[in-house]
Amino acid sequence: MSNIPKTYEPQNFEKEIYAAWERDKHFHTTADAKGEPYCIVIPPPNVTGQLHMGHALDETLQDILIRYHRMKGDNTLWMPGTDHAGIATQAKVEEQLRGEGTNRYELGREKFLERVWQWKEKYGNRITYQLRTLGSSCDWERERFTMDEGCSAAVRKVFVQLYNEGLIYRGTRITNWCPKCNTALSDIEVEHETEQGHLWHIRYPFKDGSGYVEVATTRPETMLGDTGVAVHPDDERYKNLVGKTLILPLVNREIPLFADSYVDKNFGTGAVKVTPAHDPNDFEMGLRNNLPQVKVIENTGVMSDGLGKYSGLDRYECRKQIVADLEAGGYLVKVENHEHAVGHCQRCHTTIEPLVSKQWFVKMETLAAPAIEAVKSGELKFVPERFTKIYINWLENIRDWCISRQLWWGHQIPAWYCDDCGEMIVSETDVHECPHCHGKNLRRDEDVLDTWFSSGLWPFSTLGYPNDTAELKKFYPTSVLVTGYDIIFFWVARMVMMGLKFQGKVPFKYVFIHGLVRDELGRKMSKSLNNGVDPVEVIEKYGADSLRFMLVTGNTPGNDLRFYWSKVESARNFANKIWNASRFLLMNLEENPLPPNPDTLSFELADKWIFSCLEKTRANVTKNIERFELGEAARLLYEFIWFYYCDYYIELTKSRLYGSDARAKATALFVLATVLEKALRLLHPFMPFLTEVIRQKLPNAEGSIMVVNWVTEDELREFIPDDKDGIEKFANQILEIVKTIRNLKSEIGIDSRKKTKIILRVANTDNKINLQEHVSYISELAFAEPIIFADEKPSHAMSGVIEGVEIYLPLEGLIDTEKEIARLTKELEKVRKGAASTSGKLNNERFLSKAPADVVQAERDKLVAANEKISSLEQRINQLENL
RNA sequence: GGGGUUGUAGCUCAGAUGGUUAGAGUGCCUCGUUGACAUCGAGGAGGUCACAGAUUCGACUUCUGUCAGCCCCACCA
């Protein structure tokens with residue numbers, strides 16, 4: 001008996017297999033290796049992060065593509081690495097410090113950064129280790145980090161060049177500020193959510209006592225910083241009042257009533273209080289109308305000094321106080337409920353405060369134009385295509401990108417300020433002396449760059465930029481980028497812009513977009529809901545192959561998918577099925593050596609048929625992988641292996657395997673082994689571990705499955721019968737007969753495995769001879785014995801009809817005639833209905849004249865078959881009725 | 001306010017360039033313990049493909065509209 005375990009236990013082999021792959025350097029390639037270059041750069045996970053389902057999906061899709069291309073013979077590089085993830089990582093270390101009763105300011109910048117690096121060393125390997133357990137075939141020898149030397153050099157070089165070209169500038173502008181993270185943010189790091197708020201109507205009296213203007217605001221606390229009230233120039237209500245002076249309530253500041261076409265006449269009262277320091281639109285209006293900026297809210301979200309009793313209050317406390325005071329002073333007219341969008345920090349969800357500050361920006365328009373063009377021209381393609389529109393729309397409406405962050409963890413901005421002469425120096429290398437005044441009192445800009453700035457360079461910084469490396473020449477542009485739709489703006493668009501700017505070419509030819517992995521209720525997996533499923537746990541329980549297969553099946557590009565444990569189980573069951581089919585073969589091989597040479601064998605119908613199925617599967621799987629339809633490819637493999645190979649083919653080899661004809665036995669073994677080995681190769685990208693471990697046990701395979709060729713048409717050609725279609729058609733007829741017999745047996749409660757006498761009545765003589773020759777297939781699959789070919793129509797029998805064949809299951813006693821008539825009548829109705837629709841088409845002149853000839857012919861054939869079936873059924877029913 | 005997307009069996013989802021008896025997994029029902037596999041095998045029930053029009057000889061598949069859900073973008077206080 002075989003020593004192979006009866007069930008699939010991935011825990012027994014996945015780790016060792018991965019270690020062997022890595023040891024044998026199967027993941028590694030070089031620029032001068034042969035083959036077409038195929039390269040994917042990994043979307044770098046956060047160094048301090050842990051593997052989650054989103055990663056698992058992303059990595060699985062990439063690994064499938066990578067493994068497929070490597071087998072195809074391409075020079076395949078999967079470039080791995082991690083991202084320093086500025087805010088996220090810094091926040092974690094700050095949290096740790098909080099636990100120790102200290103903070104980063106007490107520690108100081110240098111010490112703090114040491115701590116972050118320590119943290120990175122400690123947890124930076126966790127994520128890459130977890131990637132390994134998934135089977136990711138990354139070239140780990142090339143692993144990179146967004147803050148390693150090379151990436152940092154790339155960042156400095158790009159920054160300096162953009163600055164010198166005027167595409168990076170420093171400016172005092174209103175930007176999104178997170179009071180909790182204490183840093184500026186870019187527009188896309190702000191998440192807008194509609195909230196139920198209020199609209200406070202407030203009276204601002206004229207200085208001359210001639211009444212008042214009523215303004216409406218959602219943020220009354222900002223009134224402390226008002227420096228004007230705006231109305232639309234064409235607004236008749238205010239036309240004569242423009243230019244007059246108002247007294248700002250509570251503050252008693254004199255502010256002008258002015259006209260600006262930004263104002264919407266139809267909203268609220270048509271008069272807007274203007275706070276240039278705390279609202280983006282007001283900021284613009286302030287600039288246009290020369291209004292002073294009065295800052296009343298500090299970076300921490302607390303009211304500024306010099307505001308009397310309001311100073312030091314939290315912004316929302318202050319709001320309450322202001323409203324109360326306005327009401328007490330008789331300035332508050334009314335309060336309305338008002339739904340509006342409020343910005344929140346993507347990281348900590350704190351409400352964003354627009355603040356005026358000095359920040360660094362990237363000028364986007366000139367960078368965006370070629371990035372739009374690259375997609376419009378088809379140089380870069382999105383899969384699925386619909387994401388191109390989203391991408392283009394965003395780039396066409398792009399605004400300048402605020403890239404400075406008031407953090408410590410990240411790429412420090414390469415700018416120095418001379419305290420002696422006030423000049424600013426932007427430089428790739430550290431500056432110790434001012435080139436203008438030769439002063440030595442230089443201060444480096446304290447800010448760091450947005451994490452996405454370095455991510456934007458990832459496709460070329462990892463390949464060696466700023467050095468002109470062989471890798472860069474060979475692998476850039478990379479082949480495809482695989483990522484979720486949630487970071488198209490953050491990352492994809494920026495890589496395209498930077499790639500075009502600094503390499504003159506798109507960074508990748510395809511962007512393969514996938515969706516989110518949700519929980520069983522369709523909710524996003526999140527920490528706060530605690531509904532996340534840990535991929536590591538899934539791998540430990542069911543194996544990486546099961547997880548991978550589950551993530552890939554039944555999913556299409558760009559669509560979200562739900563995680564179900566039952567789906568993982570189903571994938572595991574598939575793995576177990578393969579395991580046992582292989583075990584069956586290996587057990588038989590123990591007693592019979594595998595024939596080395598197919599020339600000595602004699603292939604029979606079943607053999608030719610399974611090879612035809614394999615070839616079809618090979619062609620379709622390949623096609624679907626090329627089209628990124630990985631779910632469909634996986635489905636085809638599942639279908640071939642389980643239904644065709646296991647359910648039918650293996651069963652059909654048993655009589656030969658257990659029989660005494662040595663040549664027949666050898667043939668069956670050969671085909672079993674050959675088809676399995678090729679199927680394993682086709683499945684390898686999806687289930688790398690299982691396919692490797694099984695293939696290593698096969699006598700007809702050598703080396704690692706990872707580096708053996710992808711199955712080709714040429715390789716299969718010698719096994720494909722000339723009359724492929726005819727064989728397939730005949731095989732289908734046999735399978736239909738088998739199904740009918742099984743059905744009849746089940747209908748009368750005979751055990752499906754109990755041998756039962758069957759009578760076949762075949763219309764066509766050639767067909768009859770052919771069926772007689774292969775009658776063993778029917779008896780083996782349907783447990784039918786004996787099978788008699790006859791012209792008689794036994795009356796005491798159950799019957800079924802398929803095209804060209806009547807099938808009888810004779811019974812010893814009397815059959816329940818009425819029940820049988822009812823069953824056959826039901827069948828008859830079904831066939832008649834089909835025939836009616838077919839003849840309807842054929843009676844339609846326009847169908848005959850307009851439909852293509854082959855479609856018409858197919859309908860004709862269909863009708864003939866249906867009519868035959870109808871007449872058989874009618875005769876049978878008639879016969880039974882006359883018993 | 002724009003834009004996208006989804007609506008197919010109880011549940012989760014597949015179904016290029018229009019012509020299938022509309023599929024799978026899972027769940028459900030009936031039957032089955034001789035060895036590849038009960039992580040299995042055999043059979044079965046279950047869908048007017050959201051709704052209404054249009055195009056067409058023919059629409060689950062194309063177009064338009066309606067309804068319902070989800071998502072993204074947006075500086076109306």
Side-chain angles (χ1 to χ4, degrees), chain A residues 1-2 4 6-8 174 187-188 192 199 215-219 222 230 262-264 266-275 279-284 338 340-341 354 386-387 389-390 393-394 397 399 485-486 488-489 516 520 522 542 550 553-556 558-562 564 566-567 569-588 623-624 627 629 631-632 635 638-639 646-647 650-651 654 739 742-747 749-754 782-783 830-831 833-834 837 841 844-852 854-856 858-859 862:
Chain A
M1 201 52 192
S2 172
I4 302 165
K6 199 172 166 180
T7 52
Y8 160 70
I174 193 154
D187 292 340
I188 50 176
H192 291 273
L199 199 55
V215 300
T217 181
T218 55
R219 304 190 55 199
T222 62
Y262 160 77
V263 179
D264 179 356
N266 302 317
F267 187 89
T269 59
V272 192
K273 63 185 263 320
V274 180
T275 323
D279 180 279
N281 298 310
D282 294 5
F283 180 81
E284 296 296 330
H338 181 66
H340 61 144
R386 67 182 131 96
F387 289 103
K389 208 170 173 177
I390 295 172
N393 184 53
W394 186 70
N397 297 293
R399 296 159 66 192
Y485 57 69
D486 48 336
I488 292 177
F489 304 145
L516 267 39
E520 357 194 306
Y542 292 93
M550 173 267 161
T553 41
N555 186 236
T556 38
N559 283 3
D560 292 349
L561 67 111
R562 297 193 193 189
Y564 279 91
S566 66
K567 283 207 280 192
E569 269 180 42
S570 160
R572 189 271 320 264
N573 294 351
F574 178 48
N576 186 246
K577 189 75 183 176
I578 298 167
W579 184 264
N580 275 289
S582 312
R583 194 164 147 264
F584 170 76
L585 169 64
L586 292 167
M587 282 163 64
N588 280 286
K623 185 180 78 186
N624 279 294
R627 293 170 45 201
E629 295 286 354
E632 181 65 4
R635 209 208 92 235
Y638 183 96
E639 186 179 76
C646 293
D647 286 352
I650 284 185
E651 293 308 319
K654 285 181 179 171
K739 267 204 126 171
R742 285 171 172 175
N743 185 313
L744 291 175
K745 287 166 87 171
S746 167
E747 199 73 41
I750 299 177
D751 177 354
S752 61
R753 301 175 81 92
K754 185 168 184 256
F783 291 87
K830 223 168 112 185
V831 183
K833 221 174 133 190
S837 121
K841 282 183 195 173
N844 185 336
E845 282 300 323
R846 308 182 69 174
F847 172 73
L848 294 175
S849 60
K850 296 204 174 185
D854 58 324
V855 173
V856 175
E859 291 297 317
K862 221 194 268 177

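All chains are named by letter (A, B, ...) in the order of the sequence lines, taking the proteins before the strands, and each is independently numbered beginning at 1.
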Requested in this report: Could you go through the side chain to side chain contact (heavy atoms under 4.5 Å, CB included) check for A:Ile650 and A:Phe584 one step at a time?
Outcome: CA-CA 9 Å; A:Ile650 284 185; A:Phe584 170 76; 3.6 Å; yes

Atom pair [atom1]/[atom2] of [X] and [Y] - distance to nearest 0.5 Å:
X: A:Ser566; Y: A:Arg572; atom1: OG; atom2: CZ; answer: 11.5 Å
X: A:Leu585; Y: A:Asn580; atom1: CG; atom2: CG; answer: 12.5 Å
X: A:Tyr542; Y: A:Lys567; atom1: OH; atom2: NZ; answer: 14.5 Å

Given [options], identify the nucleotide with an atom nearest to the side chain of [X].
X: A:Glu629; options: B:A16, B:G19, B:G15; value: B:G15
X: A:Ala851; options: B:C57, B:U20, B:A16; value: B:C57
X: A:Arg846; options: B:C76, B:C57, B:C72; value: B:C57
X: A:Asp647; options: B:A77, B:G41, B:U12; value: B:G41
X: A:Lys6; options: B:C76, B:G32, B:A38; value: B:A38
X: A:Thr217; options: B:A77, B:A16, B:C57; value: B:A77
X: A:Arg572; options: B:A36, B:C75, B:U39; value: B:U39
X: A:Glu632; options: B:G4, B:A14, B:A42; value: B:A14

So [X], base contact, sugar-phosphate only, or nothing? Heavy-atom distance under 4.0 Å.
X: A:Pro354; answer: nothing
X: A:Val263; answer: base
X: A:Phe387; answer: nothing
X: A:Asn743; answer: sugar-phosphate
X: A:Lys739; answer: sugar-phosphate
X: A:Thr218; answer: sugar-phosphate
X: A:Tyr564; answer: sugar-phosphate
X: A:Phe489; answer: sugar-phosphate
X: A:Lys862; answer: sugar-phosphate
X: A:Asn559; answer: sugar-phosphate
X: A:Asn397; answer: nothing
X: A:Arg635; answer: nothing

Report yes if a donor N or O on one partner sits less than 3.5 Å from an acceptor N or O on the other, where the partners are the side chain of [X] and the base of [N]; otherwise report no.
X: A:Arg753; N: B:A42; result: no
X: A:Lys754; N: B:A42; result: no
X: A:Lys577; N: B:C37; result: yes

Return no unless some side-chain N or O of [X] is found under 4.0 Å from OP1 or OP2 of [N].
X: A:Asn573; N: B:C37; result: no
X: A:Arg219; N: B:A77; result: no
X: A:Lys745; N: B:G32; result: no
X: A:Lys654; N: B:A36; result: yes
X: A:Thr556; N: B:A14; result: yes
X: A:His338; N: B:A77; result: yes
X: A:Lys389; N: B:G3; result: no

**Report entry** Interatomic distance, A:Asp751 CG vs B:U33 C1' [rounded to whole Å]
**Finding:**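 Rounded to whole Å, this separation is 11 Å.
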
Which base sits across from [N] as a Watson-Crick or G-U pair, both distances under 3.5 Å?
N: B:C73; value: B:G1
N: B:C51; value: B:G65
N: B:G41; value: B:C31
N: B:A36; value: none

Requested in this report: Fit a plane to each ring of A:Phe574 and A:Tyr638, take the angle between them on a 0 to 90° scale, and name the class: parallel (under 30°), tilted (30 to 60°) or perpendicular (over 60°).
Outcome: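 The arrangement is tilted - the two ring planes meet at 30° to 60°.
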
Report task. Under the side-chain hydrogen bond (donor to acceptor under 3.5 Å, both in side chains) rule, what do A:Lys273 and A:Thr275 come out as? Steps first, then yes or no, please. Result -> CA-CA 7 Å; A:Lys273 63 185 263 320; A:Thr275 323; 3.1 Å; yes

